[in-house]
Amino acid sequence: MTGFIIRRVLSSILVVILTSIFVFVLFFKGLGDSPARNACEKLHNGRCPAPVLASIKHEMGFDKPVATNYAIWAKGIFVGRHNVYSDGKGYNCPAPCLGISQMTSNTVWHDLKTKYPATMTVAVGGASMYLVLGVILGALAARWRGTFADRLLVGGSLIVSSIPYYLVALLAWIYLSLQLKLFPNTGYYPITSNPGKTIAYMALPWLVLGLTNCTSYARFTRGQMVETLNEDFIRTANAKGVRTNTVLFKHALRAAIVPVVTIFGLDFATLLAGTIFTERIFGIDGIGNWSLQALQPPMDINVVSASVLVSAILVVVANLLVDILYSFIDPRVSIA
Amino acid sequence: MSTVTNSDIERAPDRSGATVGNETLLEVRDLKKYFPVKSGGVIRRTVAHVQAVDGVSFTLNKGASLGLVGESGCGKTTTGRLITRLYDPTAGEINFEGTDIGHLTRRQMMPIRSEIQMIFQDPYSSLNPRHTVGTIVGTPLRVHNMVPEKKTLPRVQELLEVVGLNPEHYNRYPSEFSGGQRQRIGIARALALQPKLLVADEPVSALDVSIQAQVVNLLRDVQDEFGVAFLFIAHDLAIVRHFCPEVAVMYLGKIVEIGDRETIYEHPHHPYTQALLSAAPDVKQAAIGGRRERIRLEGDVPSPINPPSGCRFRTRCWMAQEICAKQEPPLLQIGKRHKVACHFAGEIHQAPARPITTEMLGVDDQGNPTGGATPAPMQDQPGFADSWFDLKSKSVTSA
Amino acid sequence: MSTDTFERADDMAAPANPSDPFLVVEQLTVKFPTHDGLVQAVTDLSYTVERGKTLGIVGESGSGKSVSSMAVLGLHDPKHTRLSGSIRVDGQEVIGAPEERMRKIRGNSIAMIFQDALTALHPFYTVGDQISECYRIHHRVSRGEAKKRAIEMLDRVGIPQANRRVDDYPHQFSGGMRQRAMIAMALVNDPQLLIADEPTTALDVTVQAQILDLLQDLQREFNSAVIIITHDLGVVAELSDTTMVMYGGRAVEYGATREILTHPEMPYTWGLLGSIPEVAGDANTRLIPIPGNPPSLLNPPSGCAFHPRCPHIDKVPGDLCRTTLPDLVPGDRGANHVKRCHLANPSEIYAGEVLPEIAPDLIDPETGEMIPEIAEVDPDEV
């Protein structure tokens with residue numbers, strides 16, 4: 001088990017490093033000196049004298065090879081950097097240094113820490129909602145497969161998944177929150193200060209995320225369950241006199257849930273890396289919104305690199321956790 | 001192929017060896033296949049080996065058939081896959097018409113692949129459900145450029161007819177056929193390249209009883225007509241007996257007894273062969289009076305990762321003694337066409353009191369080296385020698 | 001068994017006469033409606049099983065042999081199954097019985113053993129958990145007691161170090177041990193009827209012999225009724241008292257096992273006997289297969305379902321085989337041996353034509369008669 005985890009952590013680190021190199025190099029090469037030019041124009045009201053540009057380029061490292069720049073950037077994550085040049089000024093950037101955000105002039109790490117709890121709250125609440133709802137609905141649909149309720153679920157899920165998510169979210173917000181006032185206005189309030197308010201303000205985003213995503217989980221779970229219910233060991237359980245519901249939820253669901261967990265792990269990681277539509281529509285100040293803003297010109301390259309790095313780490317960690325979880329669900333999977 | 005008349009039975013040839021050429025087609029020498037077992041540490045070292053096949057030697061003449069019998073995990077299927085080069089051997093030689101094909105590259109194997117074909121156990125999963133029968137049978141013809149493109153279809157139809165299927169059905173999909181018919185398709189595919197050797201891995205064990213007989217008879221016809229040599233791998237002793245004039249019994253990666261059919265079935269000398277023969281339920285015996293007395297083996301086959309020392313069968317053998325744990329019995333030729341690997345080889349209830357192998361191994365009755373005697377080299381050679389160790393006289397005799 | 005204080009479902013009813021057969025199946029018909037039409041899986045099947053006796057049901061895939069026993073436990077999905085006829089367990093009708101009553105019978109007074117224990121046991125639960133679950137469904141006992149019972153049963157079926165192996169998962173067992181565990185699970189509630197569906201098909205011969213021995217010992221010990229479903233006539237020959245041969249969803253021959261195997265009267269049974277290669281006997285003879293393929297259950301052949309494959313059809317006058325379904329009636333050998341065939345003189349044909357082909361060694365070469373020890377089985381003896 002330990003050997004497996006160490007091996008997987010090592011390979012995960014490799015994946016993260018390769019992703020960061022890939023992204024860093026592509027942006028560095030692709031943007032050329034335009035970040036320097038932007039900074040220069042900002043400082044001199046749209047004009048950019050050549051000596052100033054040259055000095056800014058030097059400060060920003062454009063006169064050095066990309067490998068050197070990557071090394072400086074990567075080293076900064078661990079030991080911090082001094083005198084990080086941005087907006088014509090030098091900033092101090094303690095470890096873990098991901099650079100300075102041009103939008104806020106804060107360190108990227110500082111902004112990330114501020115914005116992350118909101119995204120986390122959206123993701124955890126939404127994901128648990130769609131997982132639980134989806135699996136239960138799917139299991140029940142499998143039990144009553146072929147009936148009207150089953151067809152309703154399968155058909156309904158098709159309709160829901162054919163409507164763009166942002167439309168559902170927007171309409172839900174307009175009708176449920178603005179018009180009918182069933183939910184308070186949305187936004188993020190730190191869970192540490194007032195949990196009741198957090199839940200009240202997050203309820204609608206969670207519900208929308210949960211309901212729209214649970215349909216695909218319900219269908220997937222249903223498919224897995226239908227397959228599992230045809231297995232020999234289900235017949236054995238029935239022949240033992242096990243109650244129908246026990247057969248369904250103890251014997252069948254445990255076997256059917258393994259692939260669902262895999263998909264969920266990856267979905268959840270993506271969700272943690274930012275839920276752009278949810279955050280935009282419901283006015284939640286999370287990292288999805290943050291990285292979206294960073295993409296608008298002039299691009300805040302440090303923020304973009306940081307968010308790519310974060311999502312790479314999240315996906316890799318989620319994969320690792322799913323693999324470890326596997327060995328707990330399925331004793332045949334030996335991850336020794 | 002669907003109706004059988006008395007004339008079919010009469011024309012069944014005697015296959016005790018007379019009709020078969022004496023030219024060696026396949027000679028397997030000390031073949032080994034070890035699958036690595038990896039450790040769970042940070043660096044995955046190979047900590048052990050599954051000794052799936054551990055030093056198997058035999059020969060197969062042109063147009064002859066050899067049965068490979070044993071229980072699950074004995075290495076019979078691995079042996080078949082080594083010979084068809086689906087696996088790479090760990091050690092040993094596979095001499096096919098004089099060429100050692102054991103270590104040829106993919107490219108070098110290409111011309112030989114058409115000569116060695118395989119029939120698989122499961123007629124459901126071994127045929128691609130999305131290809132028509134015509135495509136399945138015709139693909140090997142195209143891959144090996146056996147016939148011009150235009151002649152492919154007539155050749156496919158000819159093959160379908162040979163295996164007793166309607167040649168007009170070349171356009172159908174495997175799902176439209178029953179299990180027995182699918183196995184016929186598999187046979188047609190294997191025959192397409194006119195191979196010299198067919199490795200049949202449990203070709204009938206997935207089929208219903210009444211269909212099994214049809215397929216076995218078809219395989220016999222195929223052999224008669226095309227002179228193909230068969231390596232017939234099966235767990236069912238009765239089926240093998242009906243098909244193969246020569247039989248090798250495997251246990252835990254080794255051949256424990258090999259010989260002609262009469263010897264193996266009428267006068268088995270290895271306790272495992274005796275147990276296997278006695279274990280199979282027999283309709284006629286039982287119909288007369290309930291369950292007959294039989295040798296009952298205890299327990300299960302040990303792990304091939306860590307096989308027992310000395311004789312691998314000793315943990316389940318009712319005759320095992322000290323020497324069996326200490327010395328591995330050599331595969332000793334004890335008859336004209338009969339080899340057995342047992343310290344106490346003998347017919348059932350007539351096993352010798354003293355081990356027969358002490359002198360050649362240079363050990364005493366308990367298996368401890370005596371030092372005095374010089375052990376004769378006991379290298380197992382494929383095939384049979386002209387002289388052998390006679391159990392009665394305890395000396396080497398020849399025909 | 002001292003812990004057995006829980007009331008059995010079947011005890012609640014008026015006590016059945018213990019000399020009556022434990023299981024009576026009468027005119028059982030099972031049909032499955034499908035998109036392609038109605039699958040007539042079992043038609044008009046009747047049989048009985050007494051306590052302490054074994055019934056062997058023989059047939060090929062699609063003969064309906066497993067379907068009928070699943071019906072005994074009410075395991076078919078009622079939405080997709082049409083059942084008719086009568087199945088009485090210890091005097092109680094189970095067709096149409098409420099689910100709750102069926103549930104109390106399953107695993108309790110009737111238990112089942114399935115073919116492939118690797119797929120028939122849940123891969124994610126330990127062997128011990130699965131056995132104790134079966135015990136706890138039908139007995140009010142603590143987890144600890146149930147586990148103790150599981151260990152006791154594992155020990156009884158010959159699993160070494162049962163108290164340690166009880167916590168193993170099925171994949172950690174060898175094939176033979178898994179089948180033993182399966183038997184332990186089936187026997188944990190002392191069932192009065194054990195249905196074994198191809199219990200040894202997936203096993204090696206030496207292990208198969210061990211399992212058959214075990215089944216026979218356990219049956220003697222518990223005096224339970226056993227139904228053994230198999231395609232292997234050898235297994236039936238060794239274990240069962242009576243044998244029923246099924247073809248195309250119907251019984252085609254039914255009687256004492258020795259009778260059926262030594263004096264079969266139905267060409268399909270002859271065919272089965274002829275198809276089996278033997279370990280002894282002349283190896284150079286060709287096997288005598290049954291030509292053709294098993295019948296479709298969607299569109300069963302007219303008349304006798306076996307007629308398209310029957311080599312003796314010309315011995316029946318007229319078109320009888322093609323047009324008329326023969327009744328299951330006694331043949332030449334008395335009332336205890338019934339067969340579904342129009343042939344007027346099956347014994348003669350068998351002795352004169354079939355036996356010399358399929359088992360020439362059983363014919364006395366001098367007299368041309370059957371070897372006496374086989375010929376002299378008294379049909380009324382069993």
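Naming convention: chains lettered A, B, ... in sequence-line order (proteins, then strands); numbering from 1 in each chain. Just the heavy atoms: all of them, side chains too, but no hydrogens, waters or symmetry mates, feed the values below.
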Per-residue contact mode, V216(B) against chain C (heavy atom under 4.5 angstrom): side chain
Can you find a side-chain donor-acceptor pair between T206(C) and R316(B) that sits under 3.5 Å? yes
Look at V205(C), T201(C), V235(C), T200(C) and state which one has the largest set of heavy-atom pairs under 4.5 Å with chain B. V205(C)
Please flag which part of S178(B) lies under 4.5 Å from any non-hydrogen atom of chain C: side chain, backbone, both or neither. side chain
Keeping Q210(C) on the side-chain end and R296(B) on the backbone end, is there a donor-acceptor pair under 3.5 Å? no
May I ask you to test the S275(C)-S210(B) pair for a side-chain heavy-atom distance under 4.5 Å? yes
State, yes or no, whether a side-chain contact exists between I211(B) and P289(C) at a heavy-atom distance under 4.5 Å. no
If you take all heavy atoms of D204(C) and E71(B), which pair is closest and at what distance? CB-OE2, 2.9 Å
Counting only non-hydrogen atoms closer than 4.5 Å, does E60(C) touch chain B with its backbone (N, CA, C, O), its side chain (CB onward), both, or neither? both
Using modelled atom types and a 3.5 Å cut-off, is there a donor and acceptor pairing between side-chain atoms of D208(B) and backbone atoms of S61(C)? yes
Which bit of Q181(B) comes within less than 4.5 Å of chain C, counting heavy atoms only: side chain, backbone, both or neither? side chain
So which heavy atom on A213(B) is nearest to which on I288(C), and how close? CB-C, 4.5 Å
Using modelled atom types only, decide if a donor and an acceptor are shared between the side chain of Q214(B) and the backbone of I290(C) within a distance under 3.5 Å. yes
